[in-house]
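Not measured: the values here are computed from a predicted model.
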Amino acid sequence: MSRKDKPKVVVSWSSGKDCAFALHQIRAEGKFEVVGLLTTLNSENDRVAMHGVRKELLQKQMDALGLPAEMVMLPMPCDNETYRRLVGGTIEILRERGVQNVVFGDLFLEDIRQYREEQMHGSGLGSIFPLWLRDTGKLSRDMVDSGLRAVVTCVDQRALSAEFVGRQYDHDFLDDLPAGVDPCGENGEFHTLVIDGPMFSNGLNVELGEKVLHGDFAFADVLPAGD
C-alpha cells in the first residue's frame with residue numbers, strides 16, 4: 001500500500017510515554033499515515049494539563065517526531081461541555097483535512113475508552129487503541145528496553161510518594177514502585193514527559209527545575225537545557 005492510499009490518522013498526544021509508544025506501534029505496523037498530533041493545553045499557563053509540561057518542550061517533541069500538532073487551548077477550570085466544544089471543533093477541522101482516525105494510548109480503563117469512542121463516533125472519525133489490554137508489567141519494561149526515556153513530571157501523592165516525581169522512568173523506577181501502583185500509571189498514579197525514544201529523530205536536552213506540591217499532586221518542572 002502506497003503512502004497516499006493509507007488512512008490518515010492523528011495521535012492524541014499528552015507528551016507522555018503511552019501516547020509516544022502508541023505512535024511508535026502505529027508507525028511500525030505501517031497500515032496508517034500519521035499526519036499529526038492532537039493535544040490540549042491549559043490556556044492560563046501554556047502547559048499540558050496534569051503532565052505540567054511546558055509548551056516549548058511540546059514544540060521540541062513535535063520537531064523530534066517530525067509531526068505538526070493541533071493545540072487546543074482549554075480554560076481552567078474546564079467543564080465537560082466546553083471541552084467537547086473546543087476539542088470537537090478541532091476534530092472537525094482534522095476531518096475536513098482527510099483525517100479518518102485518532103490514535104489513543106489508553107491501556108485498560110473501559111470507561112475512558114467508551115468516552116473516547118463516543119466522542120469520535122459523533123465526529124465521524126474512528127478510534128484506534130494500539131496498546132489496548134497489553135499487560136502493563138511487560139509493556140512498561142518493553143518501553144524502557146525500546147530506548148524510550150521519560151521524566152516523571154507528576155505524581156498523585158494518594159498513590160505514590162512525592163519522592164518519585166522528577167525521576168527517570170526506567171527499570172529502577174519500576175523496581176521501586178510499591179505494590180498496587182500500575183507500572184504504566186494507568187490509574188493516574190503518575191504522568192511523564194518523553195524525552196527520547198525510537199519514535200524521535202533526536203533526544204530532548206532537558207533539566208529539572210522546581211518541584212512543587214499542589215493539593216494531592218507533586219509536580220516537577222522540566223526545563224529545556226542549553227544545547
Side-chain angles (χ1 to χ4, degrees), residues 1-43 47-51 53 55 58-59 61-62 65-136 139 143 182 184-188 191-194 197 199:
M1 183 183 296
S2 67
R3 180 176 177 180
K4 67 178 181 179
D5 295 328
K6 294 179 181 180
K8 293 181 178 180
V9 303
V10 296
V11 177
S12 179
W13 189 260
S14 67
S15 75
K17 59 181 176 40
D18 297 340
C19 61
F21 209 65
L23 167 61
H24 177 56
Q25 292 295 299
I26 283 290
R27 281 177 162 172
E29 290 172 9
K31 298 177 182 178
F32 301 93
E33 180 188 357
V34 182
V35 297
L37 312 172
L38 173 63
T39 190
T40 59
L41 293 96
N42 182 331
S43 62
R47 291 177 185 255
V48 178
M50 286 314 301
H51 292 244
V53 171
K55 185 178 179 180
L58 184 62
Q59 182 64 58
Q61 286 186 322
M62 292 161 52
L65 292 167
L67 293 170
E70 291 294 332
M71 300 184 188
V72 183
M73 308 305 295
L74 300 177
M76 289 294 163
C78 182
D79 58 60
N80 195 48
E81 181 180 349
T82 301
Y83 177 89
R84 284 181 176 271
R85 175 174 54 83
L86 293 175
V87 174
T90 302
I91 289 173
E92 174 61 20
I93 292 172
L94 292 171
R95 188 186 66 80
E96 292 174 352
R97 293 177 183 169
V99 173
Q100 295 172 258
N101 297 280
V102 178
V103 176
F104 296 98
D106 299 290
L107 304 177
F108 59 73
L109 297 178
E110 292 283 356
D111 57 336
I112 299 297
R113 175 166 180 157
Q114 182 178 356
Y115 174 82
R116 309 263 200 228
E117 290 176 333
E118 289 175 352
Q119 186 181 29
M120 291 303 103
H121 180 73
S123 71
L125 272 64
S127 307
I128 301 173
F129 299 85
L131 306 180
W132 188 249
L133 295 184
R134 287 183 58 173
D135 176 79
T136 54
L139 177 61
M143 289 181 182
D182 184 77
C184 287
E186 181 69 348
N187 297 304
H191 301 282
T192 60
L193 164 70
V194 172
M199 66 293 299

**Q.** Any pair counted as salt bridge (Lys or Arg N to Asp or Glu O under 4.0 Å), so long as it reaches residues 73-88, sequence neighbours left out
**A.** none

Q) Closest heavy-atom contact between Val102 and Met120? A) CG2-SD, 3.5 Å

Q. Can you tell me if Ser43 uses its side chain to pair, donor with acceptor, with the backbone of Leu74 under 3.5 Å?
A. yes

Q | From CD (Gln119) to CG (Leu125), nearest 0.5 Å | A | 10.5 Å

Q) Is Thr90 close to Met71 at the side-chain level, that is, under 4.5 Å between some pair of heavy atoms? A) no

Q | Closest non-hydrogen atom pair, Leu107 against Trp132 | A | O-CE3, 3.3 Å

Q.
Using the salt bridge (Lys or Arg N to Asp or Glu O under 4.0 Å) criterion, which residues pair with Glu92? Sequence neighbours excluded.
A. Arg95

Q) Is there a donor-acceptor pair under 3.5 Å between the side chain of Arg27 and the backbone N or O of Met199? A) yes

Q.
So which atom in Val48 and which in Ser14 form the shortest heavy-atom distance, rounded to 0.1 Å?
A. CG1-O, 3.3 Å

Q: Would you check if Ile91 and Glu70 make a side-chain contact, meaning some heavy-atom pair closer than 4.5 Å?
A: no

Q) In Å and rounded to the nearest 0.5 Å, what is the NZ to CD distance from Lys8 to Gln100? A) 9.0 Å

**Q.** Nearest-0.5 Å distance that lies between atom CZ in Arg116 and atom CG in Asp111
**A.** 10.0 Å

**Q.** Flag for Asp106-Tyr115: side-chain donor and acceptor within less than 3.5 Å
**A.** no

Q) Taking all atoms of both residues into account, what is the closest heavy-atom pair of Pro75 and Thr82, and its distance? A) CG-CG2, 4.0 Å

Q) Are any side-chain N or O atoms of Thr39 and backbone N or O atoms of Trp13, one a donor and one an acceptor, separated by less than 3.5 Å? A) yes

Q: Test Val34 against every option in Val103, Leu67, Val10 by the side-chain contact (heavy atoms from CB on, under 4.5 Å) rule and name the one that passes.
A: Leu67

**Q.** Exercise: identify the closest heavy-atom pair between Cys19 and Ser12
**A.** CB-O, 3.4 Å

**Q.** Backbone N/O of Lys17 and side chain of Thr192: donor-acceptor pair under 3.5 Å
**A.** yes

Q.
Go through it in stages, so that I can follow the logic: the residues are Asp18 and Glu186, the test is side chain to side chain contact (heavy atoms under 4.5 Å, CB included), and I'd like the CA-CA distance, side-chain angles, deciding distance and then a yes or no.
A. CA-CA 9 Å; Asp18 297 340; Glu186 181 69 348; 3.9 Å; yes

(Q) If we ignore hydrogens and angles and just use 3.5 Å, is the side chain of Gln25 paired with the main-chain N or O of Leu131 as donor and acceptor? (A) no

Q.
Taking salt bridge (Lys or Arg N to Asp or Glu O under 4.0 Å) as the cut-off, I'd like each qualifying pair that reaches into residues 117-128, sequence neighbours left out, listed once.
A. Arg113-Glu117

Q) Which pair of heavy atoms, one from Ala20 and one from Val194, lies closest together, and at what distance? A) CB-CG2, 3.8 Å

Q.
Rounded at 0.5 Å granularity, tell me how far CG in Leu193 sits from CD in Gln61.
A. 5.0 Å

(Q) Nearest 0.5 angstrom please: Met62 CE to Leu37 CG, how far? (A) 7.0 Å

**Q.** Interatomic distance, Cys78 atom SG to Met76 atom CE [nearest 0.5 angstrom]
**A.** 6.0 Å

**Q.** Min side-chain heavy-atom separation Leu41-Leu58 under 4.5 Å
**A.** yes

Q: Describe, in one word, how the ring planes of Phe104 and Phe129 are oriented to each other, choosing from parallel (under 30°), tilted (30 to 60°) and perpendicular (over 60°).
A: parallel

